[in-house]
Amino acid sequence: MADEEAEQERLSRSEGGCVAELQRLGERLQELERQLRESRVPAVEAATDYCQQLCQGLTVTQTGMQW
């Protein structure tokens, strides 16, 4: 019984961490989008930078999350 309660508590904390991580990822995505829209560099260069930063952010987020 205690093991089940401990597991449930661990899952609850883990889910809360995932929600927070997804929120941070969404904020980062919005910032990258804003930078892309406001960029004064050629469109291809700005889009390439956007994609690289997005992939880097996803990699960091995925590494921080425990599935």
Side-chain angles (χ1 to χ4, degrees):
M1 187 78 159
D3 289 340
E4 291 175 12
E5 290 174 3
E7 179 67 12
Q8 186 63 34
E9 184 177 330
R10 186 189 68 76
L11 287 174
S12 293
R13 274 189 261 142
S14 175
E15 289 171 2
C18 289
V19 169
E21 194 65 37
L22 288 173
Q23 185 175 10
R24 283 191 291 274
L25 180 60
E27 291 168 359
R28 178 67 179 140
L29 182 59
Q30 289 176 349
E31 174 62 21
L32 288 173
E33 182 179 355
R34 183 191 62 73
Q35 290 175 7
L36 179 62
R37 292 182 188 279
E38 295 175 358
S39 179
R40 297 192 186 276
V41 298
V44 171
E45 185 179 335
T48 299
D49 187 49
Y50 170 85
C51 290
Q52 288 173 341
Q53 289 186 41
L54 175 61
C55 289
Q56 182 181 20
L58 290 172
T59 301
V60 169
T61 299
Q62 184 177 12
T63 311
M65 293 178 135
Q66 296 180 359
W67 302 100

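Keep in mind it's a predicted model, so treat the numbers as computed, not measured. The first residue of the sequence shown is numbered 1, and numbering continues consecutively from there.
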Set of residues satisfying side chain to side chain contact (heavy atoms under 4.5 Å, CB included) with respect to A47, sequence neighbours excluded: none
Residues forming a side chain to side chain contact (heavy atoms under 4.5 Å, CB included) with E45, sequence neighbours excluded: V41, P42
Ion pair E21/R24, N-O distance below 4.0 Å: yes
Those residues that, when tested against E38, pass salt bridge (Lys or Arg N to Asp or Glu O under 4.0 Å) (two or more places apart): R34
Under the side chain to side chain contact (heavy atoms under 4.5 Å, CB included) test, residues paired with Q53 that sit two or more places apart: R28, L32, Q35, D49
Nearest-0.5 Å distance, CG of residue L36 to OG1 of residue T48: 10.0 Å
For R40, salt bridge (Lys or Arg N to Asp or Glu O under 4.0 Å) partners two or more places apart: none
